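Accompanying notes for the structure given below.
Fair warning: this is a prediction, and the values are worked out from it, not measured in the lab. Chain naming here is simple, since letters A, B, ... match the order of the sequence lines and numbering starts at 1 in each.
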2 protein chains.
Amino acid sequence: MARSQSIQPSNLEHFLDRLTRRSVLTDEEQKAILDLPAYAAQVPANRDFVHLGERVDHVSLVVEGIVGRFGQNSEGERQITAIHLPGDMADLHSVVQPEGTSALQALSTTTILRIPHASLRTLAARFPAIAEAFWRDCMVDASILSQWVVNVGRRDARARMAHLLCEMAIRCGARDKGERQFKFPLTQVHLGNALGLTCVHVNRTLKALRDNGLVTLRGRTVHILDWEALARAGDFDPAYLHADNDPEQRLRIVAAA
Amino acid sequence: MARSQSIQPSNLEHFLDRLTRRSVLTDEEQKAILDLPAYAAQVPANRDFVHLGERVDHVSLVVEGIVGRFGQNSEGERQITAIHLPGDMADLHSVVQPEGTSALQALSTTTILRIPHASLRTLAARFPAIAEAFWRDCMVDASILSQWVVNVGRRDARARMAHLLCEMAIRCGARDKGERQFKFPLTQVHLGNALGLTCVHVNRTLKALRDNGLVTLRGRTVHILDWEALARAGDFDPAYLHADNDPEQRLRIVAAA
DNA sequence: CGCATATTTGATAGATTTCAATTTATGTGG
DNA sequence: CCACATAAATTGAAATCTATCAAATATGCG
C-alpha cells in the first residue's frame, strides 16, 4: 500500500500557480493555500489509489507522474475520462461531492499529496474567493472532459490519437515551435483506455502517424515532428484548455476582504 | 429570433428544487434565488441559441423542452455532450468561465429563462452558500459527463442507447416500477449526435431493442417495457446521477449567516 | 541473464458507416 | 378534412473501420 508522511507543502506551489493562472487571489489567500496540510504518498504504476464508489475524505494533488481518472463498463473494461499531470488536483470536485463515481489510477510511478477535505472546506468557507477559484478550476476540467466526449464520439482512431497528443503537448508545456517533445510515460493499453480503442489498434494508429512523419512515441517520450500536421489531423483547437496566460482574462467575483 | 420578455420568476422554483436536493440553503438564500431577474425566450427546435466560441453574459435555465450541449469536429458533425431538462441550468459554469467552448441547441421547442451573470455573481458573492450550491450543481453535471465518456468510449451501440434511455428515464422522473414512460422528443439524428452514432445505426439499434421487447420510442415518448432488462443491457447504475433525495446526503460547507 | 511487461504484426470476424432509396409521420394551407 | 410539402424513420447493400485472436519480437527490470 502507499505510504504517507507529512512534508513541507512546497509542492502546493504548482497547484497555486494553476489557480492563479485563471483566478485572482490576494496574498493572504495565496498564503492560506500554501499552508494547507498535505501528506505525500508514492503510488506505483497501474495502482488504483481511489476506487470506484469509494467515498474519500481527502483530495489527491499530483506532484509527479501521471494519474488517470476512469470509469468502467460491466466487463471491467476501463475508460479513462481525464489525465492529470503534476500540479493538477485529480479530484477537487470531491470537496463538494465526496461520493465518488469514478476512480483514480496511477498511470506511471506517481507521487501525490493528500489534502484533507476538512482543511479545504475550512479554507473555502473562510475565503470565498478560494472557493470560487476551486469552482473555476473544476470547470476547466469539465471543459476538457467535454472535448473528450467529442473526441471519442466524433473522430476516428487517427484523429483521436492526434488530438490527445496535441492536448498533452500543450498541457505538458511543450509549446516551442518546430519540434516538440515531452515525457509521456503511458503504455499503449493506457492510451487505448483513454481513447476508447483496443491497444492493438492504438499500436497501428501510432505506426500510421509515425510513418506519416507526424509524431513518434518511443520509450516514455513523445516527439512531435510536425505540429501543424498533427493539429490538423487531430482537429485540434487549444481554446478549451484555457491555458493562455492572459492576466486580463482572470476573473474574480468575490470582493477582496 | 427568440423574443425576450420579463416575467415572474416562478419558474426558478424548479431550479431551486434541484439545488436544495443536494445542498442546504437557508430561507433567505432560497428567497434570494427566487428573486433573480429572468427573461423568458422561446426557441424553436433545432435552433442554436448559444454558439460555439461565443462569450455569454447570462445563463440559460431550461423551463420547458429539451436542450443539448454540443461540440463538433472539423466537418461540423455534432457530438452532444449533455442533455438538459426543465429545471436544469444549461450553462451555469459560464458564471465563472464565460468563454464558451461548447454550444447550446434546442432539441425540441423550448422555453428558456435567461439570467444575467451579473445577478448571479452578485448573489454568489453575497451568499457563499449559494456559490457552493452552484459549484456542487456543476459537479453533478460533470459526473454525468464523465459517465457519458464511458458510455461512448466503452459500450457498443445497443448498450449506449439503453444506457441513455435509462438515464433519461430517471432524470425525467419516470421511476415507477413496471412499465415506465416519459416524453422524450428527440429525433434519431439527435440520438445519433448524443451517442456518437449515425442516425441509420440509431434506427437499427432502436429496432433491435424494440424487437427484444425492451423499449419502444414512438412519436415523442419512450415506453420502457422491461426496465430490468434495459438497465442490464445498458450496464446502468444510477448512482452517478446523485438523484436520490436523501436529506442526510445534503452538504453545506459554509456556515449559516 | 531471464522473467515479466510492452510492443508489433498478421489474419479474420464483427460492428458501424456510407450511400441510396423508400416508406412513414407531421404540419400547414386551402 | 384533404392535399401537399417537408421532415423523420426505415431498409438494403456495400465499404470501411475497429475488435478479436494468436503469435512473435522487443524492452525494461531485478
Side-chain angles (χ1 to χ4, degrees), chain A residues 44-47 65-66 68 73 75-79 105-109 151-162 164 183-211 215-223 233, chain B residues 44-47 66 68 73 75-79 105-109 151-162 164-165 183-211 215-223 233:
Chain A
N46 289 310
R47 167 146 317 158
I66 300 194
N73 65 14
E75 293 180 340
E77 295 173 321
R78 295 190 168 189
Q79 174 65 50
Q105 159 190 39
L107 299 177
S108 64
T109 306
N151 203 30
V152 173
R154 278 288 178 247
R155 285 196 260 265
D156 65 15
R158 177 189 161 90
R160 260 183 246 182
M161 178 67 75
L164 179 66
K183 281 201 66 178
F184 193 57
L186 298 213
T187 67
Q188 295 181 359
V189 173
H190 294 146
L191 288 170
N193 288 343
L195 297 172
L197 299 169
T198 60
C199 59
V200 173
H201 204 58
V202 165
N203 185 276
R204 293 184 170 127
T205 304
L206 284 173
K207 176 176 164 58
L209 289 172
R210 190 190 322 135
D211 288 350
V215 63
T216 65
L217 208 162
R218 282 239 156 272
R220 298 179 164 77
T221 73
V222 175
H223 289 256
Chain B
N46 289 311
R47 167 147 316 161
I66 300 193
N73 66 14
E75 294 181 339
E77 296 172 322
R78 294 188 168 191
Q79 174 65 49
Q105 156 189 43
L107 299 177
S108 64
T109 305
N151 202 31
V152 172
R154 277 289 179 247
R155 286 195 259 266
D156 65 16
R158 176 191 163 89
R160 260 183 247 184
M161 178 68 75
L164 179 66
L165 293 177
K183 280 200 69 178
F184 193 58
L186 297 215
T187 67
Q188 293 181 359
V189 172
H190 295 145
L191 287 170
N193 288 345
L195 296 171
L197 299 170
T198 60
C199 58
V200 172
H201 204 56
V202 164
N203 184 277
R204 293 181 171 130
T205 304
L206 284 173
K207 176 176 164 57
L209 289 173
R210 190 192 320 135
D211 289 349
V215 64
T216 67
L217 207 163
R218 282 237 155 275
R220 298 178 165 75
T221 73
V222 174
H223 289 256

Among dA19(D), dT9(C), dT11(D), the nucleotide that comes nearest once only the side chain of Asn203(A) is considered: dT9(C)

Touch class at under 4.0 angstrom, heavy-atom based, for Leu206(A) against every strand present: nothing

For atom CG of Leu197(B) and atom C1' of dG14(C), their distance in whole Å: 15 Å

Whole angstrom value for the distance that separates P of dT16(C) from CG of Leu191(B): 15 Å

Touch class at under 4.0 angstrom, heavy-atom based, for Arg210(B) against every strand present: sugar-phosphate

Flag, side chain of Arg158(B) to backbone of Leu209(B), donor-acceptor distance under 3.5 Å: no

Nearest-angstrom distance from the residue atom CG of Asp156(B) to P of dT20(D): 10 Å

Touch class at under 4.0 angstrom, heavy-atom based, for Arg220(B) against every strand present: sugar-phosphate

Ser108(A) side-chain N/O to Ile66(A) backbone N/O, donor-acceptor pair under 3.5 Å: yes

5' priority, DNA chain D, between Lys207(B) and Arg155(A) [closest heavy atom]: Lys207(B)

Under 3.5 Å donor-acceptor, Arg154(B) side chain and Asn73(A) backbone: no

side-chain contact (heavy atoms from CB on, under 4.5 Å) assessment of Val189(A) paired with Val202(A): CA-CA 8 Å; Val189(A) 173; Val202(A) 165; over 6 Å; no

His201(B) NE2 - dT18(D) C1' separation (whole Å): 13 Å

For atom CZ of Arg218(B) and atom P of dA9(D), their distance in whole Å: 10 Å

Integer-rounded Å distance: dT16(C) C1' and Asn193(B) CG: 16 Å

Side chain Arg210(B), main chain Thr216(B), donor-acceptor under 3.5 Å: no

Side chain of Arg204(A) (C-beta onward), nearest among dA11(C), dT17(C), dT10(D): dA11(C)

Integer-rounded Å distance: dT18(C) C1' and Arg154(A) CZ: 13 Å

Sugar-phosphate, base or nothing in reach of Gly196(A), heavy atoms under 4.0 Å: sugar-phosphate

From dA9(D), dA11(C), dT18(D), nucleotide with atom closest to Arg160(A) side chain: dT18(D)

Touch class at under 4.0 angstrom, heavy-atom based, for Gly219(B) against every strand present: sugar-phosphate

Interatomic distance where CG belongs to Asn46(A) and C1' belongs to dC29(D) [whole Å]: 15 Å

